[in-house]
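None of these values were measured; they are calculated from a predicted model.
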Amino acid sequence: DFYKPTIVSEFSYKIFEHNQKFYRIQLWDLAGQDNNTYITKLFCRECLGALVLCEAKNQKSLEDTLRWKKCLEESMSAESLENLPIILLENKADLFQEDEEDKHLKSFQEFCRTNGFSAGFFTSAKTGQNVNKSMDFIINWIIENLKRKNFFSPENQAATKRPRSSMILNFQNEESDKKKKNACCG
């Protein structure tokens, strides 16, 4: 299998539909390398949610998630951390045998609970297992948080000249997405 490592960071967008409204989500892969800790703190300062990944069957990788979670928490204000979803993803779940996955699930859930992760999922980038489910989970959490803070109110949108550097870049409707898809360079 081919593995393409992330160098420093990688950026992408995803269009997500929630209750018949479309959201453009900004995703940052911060590589998880020790020499990037300072850069990671800069990128995480105003995030609205975080996915922390570890490798299945690798205890050191699982333990390292605590260091990355702490790094994330140290880079944010107490207000920003309030109700921030930090989701632990154990990737390469396709390597588990069926009976092995069931046994490991209980200890994984306990690890998440004990260490203050909002949720945890076994995922596989190779097979797609729980990738969409985990993304839907965190994005729904973020949208509900923003609704509680009246982020989408017309007054709030008008007062903000540019979006906060976060996962939710802007609020769009289906018609504006169709226009962009038909535009020359969008």
>> Testing the basics here: between Leu72 and Ala50, what is the closest heavy-atom pair and its distance to 0.1 Å?
In response: CD2-CB, 3.5 Å

> So, does Asn145 use its side chain to make a donor-acceptor pair with the main chain of Asn83 at under 3.5 Å?
Replying inline: yes

> Taking side chain as C-beta onward, heavy atoms only, is Ile15 less than 4.5 Å from Arg24?
Replying inline: yes

> In terms of heavy-atom contacts, does NZ of Lys147 have more than 12 from other residues, nucleotides or ligands at under 6.0 Å?
Replying inline: yes

>> Return the CG to CD distance between Asp64 and Gln59, rounded to the nearest 0.5 Å.
In response: 10.0 Å

> With a 4.5 Å limit on heavy-atom distance, are the side chains of Pro85 and Leu48 in contact?
Replying inline: no

>> Quick test of your reading of the model: are Glu100 and Lys57 salt-bridged, counting only N-O distances below 4.0 Å?
In response: yes

> Which class fits the ring pair His104 and Phe122: parallel under 30°, tilted 30 to 60°, perpendicular over 60°?
Replying inline: parallel

>> Is there a path of hydrophobic side-chain contacts, each under 4.5 Å between heavy atoms of I/L/V/M/F/W/Y residues, joining Val131 to Trp141?
In response: no

>> Tell me every residue that passes side-chain hydrogen bond (donor to acceptor under 3.5 Å, both in side chains) with Glu82, counting only those two or more places apart in sequence or in another chain.
In response: none

> Could you state the interatomic distance from OG1 (Thr65) to NZ (Lys70), rounded to the nearest 0.5 Å?
Replying inline: 13.5 Å

> Hey, does Gln97 have a side-chain heavy atom less than 4.5 Å from the side chain of Glu101?
Replying inline: no

>> Which residue in the set Ile87, Leu89, Ile86 passes side-chain contact (heavy atoms from CB on, under 4.5 Å) when paired with Val52?
In response: Ile86

> Once you round to the nearest 0.5 Å, how far does CZ of Phe96 lie from CD of Gln129?
Replying inline: 9.5 Å

>> Quick test of your reading of the model: are Glu73 and Lys69 salt-bridged, counting only N-O distances below 4.0 Å?
In response: yes

>> According to salt bridge (Lys or Arg N to Asp or Glu O under 4.0 Å), does anything in residues 128-139 pair up with another residue at least two apart or in another chain? List the pairs.
In response: none

>> To the closest 0.5 Å, what do you measure between SG (Cys71) and CE (Met76)?
In response: 11.5 Å

> Within a strict 4.5 Å, meaning less than it, do heavy atoms of the Tyr23 and Ile143 side chains meet?
Replying inline: yes

> Under a 4.0 Å N-O cut-off, is there an ion pair linking Lys60 with Glu63?
Replying inline: no

>> Can you confirm whether Leu95 sits close enough to Glu55 that some side-chain heavy atom of one is under 4.5 Å from a side-chain heavy atom of the other?
In response: no

